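Presented below is the structure to which this report refers.
Convention: sequence-line order gives letters A, B, ...; per-chain numbering from 1. Here the structure is a predicted model, which means the values were calculated and not measured.
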Amino acid sequence: MIVRFGFVAMSVLLENASPSRTMTFTNFAKLLDREAAVRKLERIAEDNLHNTLRIMKHAIAHDIRMYRLSSKLIPLATHDALADWNPFEALGPSFKALGAFVQKKGMRVSFHPDHFCVFSTPRPEVLASSERDLNYHIAMLEAMELPATVKCNIHIGGAYGDKPTSKARFVEQFGALPLRLKERVTLENDDKTFTVRETLEAAEEVAVPMVLDIHHHAVNDGGDGSMEELCTHLWPRIVRTWREEEIRLGLAEDELPPKIHASSPKSQSDPRGHADYVEAEPLVQFLRQIAGSTPRLDCMLEAKSKDAALLKLMDDLKAMEAQGQNIRVIDEGSVEIWS
DNA sequence: ACCTGTCAAGTCTGG
DNA sequence: CCAGACTTGACAGGT
């Protein structure tokens, strides 16, 4: 199995390269010249896009071909008070350049809209802003001219005291979205509410691929905690959600490999928190279990030390290779691993 | 240069 | 029913 690794949003190795500079609405509202204030938002967004390109070039220089784009590329993009503003007019060329770079280098990128995107909500106004937020992310992918293989990863949402009903509401409300939005989504199990099994059921019902987060699973397994259950029963179904997406999009087999998230617990007292680095040993144990049935896999690292955590993990994997542990480091961003 | 409180958005918990 | 937690990078305003 070939595994590619990626990191999230910012680099801790590049200086002054934030892709998430912002302006709060409070400060926007303080500016008297609205026209100038909007231009300032656009300038910040241009900076964020420019830094995103720098980060991706840095990633490619280290053979890293997987990257999660920041959700904060355009400040206040979906704010009510800026509904008349179309940032894509000014930002079109920069988005297009980003997309061209991604395609040229064969990178896999994604977005992860944060916890305001909640399709299980019983509140109509929250549903509406969730759709607007998802639409914003997808409009950025479209401005980059990236195909439908490039996704936004979301969670199911809250349980509101009744998980089965909330899950059914997710299926109904998400299912009612236009295909243009639905076909750009993956569903991920979360660390508090919806387990792998529940998320998988929802993903199967609405026909979107599922992203497995193994750390979330470790802290929220709903009784499916055993490696056996995960690897022999749930994982093959997860793989199938990706295979079916390949068929829907008319792709060849393994053109769109399954994706997982990996991170390590921050501490015993805060097991849900993300540690600075990712521990190699438990991750490799899991990867070896699924290696036989999964030819390609992409693994997003969610660690506080971002790209530095990725490079450190690769060093640790290299050390495991030296000990003859069924692993071969291909380059700085990928490994081959077998059971 | 560094520290602290605040920030557009949601949900859950505990008082 | 409301305040605070959750989580998290970055800004603004202070020293």
Side-chain angles (χ1 to χ4, degrees), chain A residues 7-31 37-38 40-41 43-52 55 68-85 87 111-137 152-163 165-167 169-170 173-174 188-194 213 215-216 219-220 261 263-267 269-276 301-309:
Chain A
F7 65 99
V8 175
M10 63 178 277
S11 164
V12 301
L13 300 173
L14 292 181
E15 310 252 319
N16 299 318
S18 169
S20 311
R21 275 192 55 215
T22 190
M23 172 153 61
T24 63
F25 181 68
T26 315
N27 281 299
F28 175 83
K30 277 186 209 161
L31 299 172
V38 168
K40 194 165 173 185
L41 289 177
R43 220 161 39 237
I44 292 171
E46 281 286 5
D47 275 2
N48 289 339
L49 295 175
H50 171 72
N51 283 336
T52 298
I55 293 166
R68 182 193 301 164
L69 296 153
S70 164
S71 283
K72 300 188 182 119
L73 293 174
I74 309 177
L76 305 178
T78 59
H79 196 281
D80 280 339
L82 285 143
D84 61 325
W85 172 45
F111 276 116
H112 196 345
D114 38 21
H115 62 282
F116 309 112
C117 224
V118 222
F119 289 100
S120 69
T121 184
R123 297 163 55 196
E125 72 278 17
V126 173
L127 179 61
S129 49
S130 296
E131 182 172 347
R132 190 168 42 179
D133 194 33
L134 181 60
N135 181 63
Y136 152 65
H137 285 88
C152 299
N153 183 49
I154 63 172
H155 297 287
I156 294 179
Y160 313 90
D162 181 349
K163 235 202 282 193
T165 301
S166 298
K167 183 167 143 238
R169 193 168 43 235
F170 171 88
Q173 297 186 148
F174 179 84
E188 180 196 348
N189 60 304
D190 67 76
D191 59 351
K192 284 222 240 323
T193 310
F194 289 97
D213 188 309
H215 182 190
H216 290 169
V219 294
N220 180 32
H261 289 178
S263 49
S264 294
K266 191 181 178 75
S267 63
S269 61
D270 180 13
R272 289 207 330 255
H274 287 176
D276 292 0
L301 303 180
E302 296 180 319
K304 283 189 86 173
S305 296
K306 311 290 179 187
D307 48 346

Closest-nucleotide 5' rank along DNA chain C - winner of A/T22 and A/H274: A/H274
Most 5' of A/S20 and A/K30 on DNA chain C, judged by nearest nucleotide: A/S20
Integer-rounded Å distance: C/dG9 P and A/M23 CE: 21 Å
Please report the distance separating the [atom1] of [N] from the corresponding atom of [M], rounded so that it comes out in whole Å.
N	M	atom1	result
B/dA8	C/dC1	P	26 Å
C/dT7	B/dT13	C1'	16 Å
C/dA5	B/dG5	P	12 Å

Listed partners of A/F116 passing ring pair (Phe, Tyr, Trp, His ring centres under 6.0 Å), at least two apart: none
Partner set under ring pair (Phe, Tyr, Trp, His ring centres under 6.0 Å) for A/H274, not counting sequence neighbours: A/H215
Ring-base stacking, A/F116 with B/dA9 (5.5 Å, 30° cut-offs): yes
Pair A/D80 + A/R132: basic N to acidic O under 4.0 Å: yes
Out of C/dA12, B/dA8, B/dT11, whichever nucleotide has its closest atom nearest the side chain of A/V118: B/dT11
Touch class at under 4.0 angstrom, heavy-atom based, for A/T121 against every strand present: sugar-phosphate
Touch class at under 4.0 angstrom, heavy-atom based, for A/S18 against every strand present: sugar-phosphate
C/dT7 phosphate, OP1 or OP2, under 4.0 Å from A/R272 side-chain N/O: yes
For DNA chain C, stems built from three or more consecutive Watson-Crick or G-U wobble pairs below 3.5 Å: B:1-7 with C:9-15, B:10-15 with C:1-6
